Amino acid sequence: MSTVSSPILAGCDFPALATHYPLADGRETRRHYLDSAASTLALESARQVADALLAHYANTHSQAHFSARVTSHAYHWAHRQVLRFLRADSERYSAIFAGSGCTALLNRLARTLAARRPERDIVLVATLEHHANDLPHRKHARQVIPIPLTGAAPALGAVDLAALKGLLERYAGRVNYLAVAAASNVTGIVNPVHDIAALAHAHDAWVVVDASQYLAHAPLALSDTGAVERELDAVVFSGHKLYAPGSPGTAVIRQALLTDREPDEVGGGMVDDVTLAGYQVTARFPDREEAGTPNIVGAVQLGAVLYLLQNIDMARIHAAEQRLLRRLVTELTALPGVRLYGDPDLERTPRLGVASFNLVGLEHGLVAAVLNDYHNVAVRNGCFCAHPYVRELLKPDLWALDLDVDAADAEAKIRPWRGMVRASLGLYSTDADIDALLTGIRDLLARPEYYRALYTVDAEGEFRHRTFSIAPATLFDPEALLDRALERLSVSRHVL
Ligand SMILES: Cc1ncc(COP(=O)(O)O)c(C=O)c1O
């Protein structure tokens with residue numbers, strides 16, 4: 001076992017790391033949070049900046065008073081941090097905030113790009129996408145074609161550039177854009193997005209990059225070399241995966257993709273004038289793309305995170321995380337009874353801080369429940385909103401079940417096995433977290449039947465401990481907190 005246990009970001013700024021939970025064996029221990037791919041913990045210094053803004057908070061659509069000016073200044077600052085983080089040229093690109101994650105912006109891009117070039121009826125979507133970067137394109141493009149990956153299941157790699165080139169040549173003149181994740185939320189595998197952009201641009205196709213699983217882990221510039229043909233056309237991400245819970249979804253988009261057309265959403269703040277007969281959309285970015293009052297505080301919190309990460313240096317963060325990831329991948333692959341998904345060769349197929357696996361003969365739901373209830377290790381299990389990719393990765397395992405797929409109960413039998421367990425890293429991850437995960441896995445592998453007997457499966461397919469449960473309200477009860485606040489609040493009799 002390793003003894004090193006300092007987090008990637010020393011002087012760690014995450015109060016949520018102190019959270020303790022009671023366990024099924026009677027102990028109470030510190031949570032090991034290995035679910036950062038779903039949402040990261042909040043970075044305190046950034047949250048404090050957002051809290052400080054509340055002293056001035058006003059609407060960015062007001063202008064005349066001090067508070068409105070301070071708030072607008074902070075909100076514009078947040079846009080600038082996004083552009084700077086991705087080294088985007090502010091003359092040609094705009095940062096846009098919308099929704100509560102990147103899903104809203106991916107839907108918007110799918111609608112906008114389909115309307116912009118209806119004659120180009122095909123969108124190429126990588127086989128490893130999260131549903132957020134798949135379903136919007138299926139809904140709005142006439143035809144979506146999957147881009148194959150290198151290798152074979154369960155060790156699939158990144159986007160296969162040769163196969164992509166073949167698709168672009170075969171459908172020359174018909175491909176509107178490509179939708180590709182910078183890194184997978186299932187395996188952490190990194191796609192060569194700039195090579196992909198160069199191939200796409202040679203065929204006049206655009207590239208939409210979902211960087212939700214990338215930006216917390218490694219530096220990304222719109223162009224890696226500065227060459228325009230390698231420049232990404234749109235990059236989207238979710239701030240709640242970047243240490244800023246409650247922040248909006250974010251996109252950096254080439255303005256040329258948006259100009260000369262009416263924005264997808266209309267309302268207050270994006271028009272120069274409105275009469276009963278019509279309205280005139282402003283030419284100003286990002287205003288024309290941000291109808292309505294924005295999530296100002298969340299955006300400023302995200303801007304603060306990006307400022308901090310940029311100054312800490314994403315390359316250093318990446319290097320530190322790679323050491324932990326390498327250990328995780330090496331130790332998982334060395335354990336008999338563990339099946340790791342995606343190419344485990346980190347030189348051939350680079351990955352960021354995510355590893356998904358199964359324990360042979362144990363349902364992913366049972367593994368995740370035991371890791372939580374007995375080891376206080378928080379992981380995600382299931383198909384991670386990437387069903388097509390997970391199905392591809394699992395094919396050899398599901399074939400090994402040797403089920404009669406035409407039998408009436410085939411689906412019920414296969415369901416507990418269709419999924420994986422995912423451990424994912426953040427700035428606060430330590431060797432101690434990986435130790436806890438590996439200890440839990442060894443424990444499960446040593447006495448699977450003992451644990452299976454402790455659980456039942458409910459109607460939703462969730463594994464529930466037979467005798468142990470903690471009501472969430474005993475850990476966090478908003479009403480109890482508010483009742484205490486009500487005791488402190490005195491309301492004037494004149495008002496009542
Ligand atoms: C790669 C990727 N893309 C998109 C999303 C969707 O993000 P959100 O739910 O914040 O819109 C996720 C969330 O897990 C993701 O991992």
Side-chain angles (χ1 to χ4, degrees), residues 33-42 82 86 96-111 123 125-139 144 146-147 149 156 158-159 178-191 193 196 207-218 220 232 234-253 295 298-299 301-302 305 341-342 350-356 368 378-390 392-393 419-426:
Y33 191 74
L34 289 173
D35 196 17
S36 295
S39 275
T40 47
L41 305 181
V82 174
L86 288 164
I96 293 161
F97 295 122
S100 56
C102 67
T103 301
L105 283 156
L106 283 164
N107 274 280
R108 190 193 296 194
L109 273 162
R111 286 191 296 269
V123 175
V125 177
T127 303
L128 49 62
E129 295 309 308
H130 186 280
H131 299 333
N133 198 25
D134 177 1
L135 304 188
H137 316 302
R138 293 195 201 191
K139 185 170 162 96
V144 159
I147 312 170
L149 307 174
L156 289 169
V159 159
L178 279 57
V180 182
S184 156
N185 67 314
V186 178
T187 56
I189 286 175
V190 172
N191 277 319
V193 284
I196 290 170
V207 180
V208 172
V209 171
D210 174 1
S212 300
Q213 293 293 342
Y214 193 102
L215 294 184
H217 306 277
L220 181 73
L232 314 175
V235 174
V236 299
F237 62 96
S238 299
H240 69 86
K241 296 183 196 289
L242 244 172
Y243 311 109
S247 63
T250 308
V252 170
I253 306 182
N295 174 357
Q301 187 183 346
L302 177 60
V305 168
Y341 296 98
R351 303 185 176 218
L352 301 179
V354 179
S356 288
V379 290
R380 175 83 165 256
N381 68 294
C383 293
F384 320 119
C385 298
H387 292 197
Y389 184 36
V390 168
E392 288 302 308
L393 290 164
M420 306 169 175
V421 180
R422 178 180 73 186
S424 49
L425 307 176

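Numbers for residues simply follow the sequence, beginning at 1. Everything quoted here is computed from the prediction, not taken from an experiment. Indexing begins at 1, ligand by ligand and atom by atom, following the structure's order.
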Worksheet item: Given the rule in the side chain to side chain contact (heavy atoms under 4.5 Å, CB included) test, do V209 and Y214 qualify, once you have shown the distances and angles that lead to the verdict?
Response: CA-CA 10 Å; V209 171; Y214 193 102; over 6 Å; no

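- A pairwise comparison of heavy atoms in V125 and N133 identifies CG1-O, 3.5 Å as the closest pair.
- Considering backbone and side-chain N/O of K241, one or more are found under 3.5 Å from N/O of ligand 1.
- Residue H240 approaches ligand 1 through these ligand atoms, each under 4.0 Å from one of its heavy atoms: 8 (P), 10 (O).
- Heavy-atom minimum distance, S39 versus Y33: O-OH, 2.6 Å.
- In terms of N/O distances under 3.5 Å, ligand 1 is approached by C102.
- Ranking the protein heavy atoms by distance from atom 15 (C) of ligand 1 puts H130 CD2, 3.3 Å first.
- Ligand 1 places these atoms under 4.0 Å from at least one heavy atom of Q213: 1 (C), 15 (C), 16 (O).
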Item to complete: Mind running side chain to side chain contact (heavy atoms under 4.5 Å, CB included) on R422 and V354 for me, showing each step along the way?
Response: CA-CA 7 Å; R422 178 180 73 186; V354 179; 3.8 Å; yes

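- Among all protein heavy atoms, the one lying closest to atom 9 (O) of ligand 1 is T103 OG1, 3.8 Å.
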Practice prompt. Could you check E392 against L149 for side chain to side chain contact (heavy atoms under 4.5 Å, CB included), going step by step and ending with a plain yes or no?
Written response: CA-CA 10 Å; E392 288 302 308; L149 307 174; over 6 Å; no

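- Of all atoms in ligand 1, listed by their number and element, those nearer than 4.0 Å to a heavy atom of S238 are 7 (O), 8 (P), 10 (O), 11 (O).
- Near A132, with a cut-off below 4.0 Å to any heavy atom, the atoms of ligand 1 are 4 (C), 6 (C).
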Worksheet item: For I147 and I196, what are the C-alpha separation, side-chain angles and deciding distance, and is it a side chain to side chain contact (heavy atoms under 4.5 Å, CB included)?
Response: CA-CA 11 Å; I147 312 170; I196 290 170; over 6 Å; no

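- Between D210 and ligand 1 there is a heavy-atom distance shorter than 4.0 Å.
- Short contacts between ligand 1 and S212, defined as distances under 4.0 Å to a heavy atom of the residue, involve ligand atoms 2 (C), 3 (N), 4 (C).
- Of all heavy-atom pairs between N185 and F384, the closest is ND2-O, 2.8 Å.
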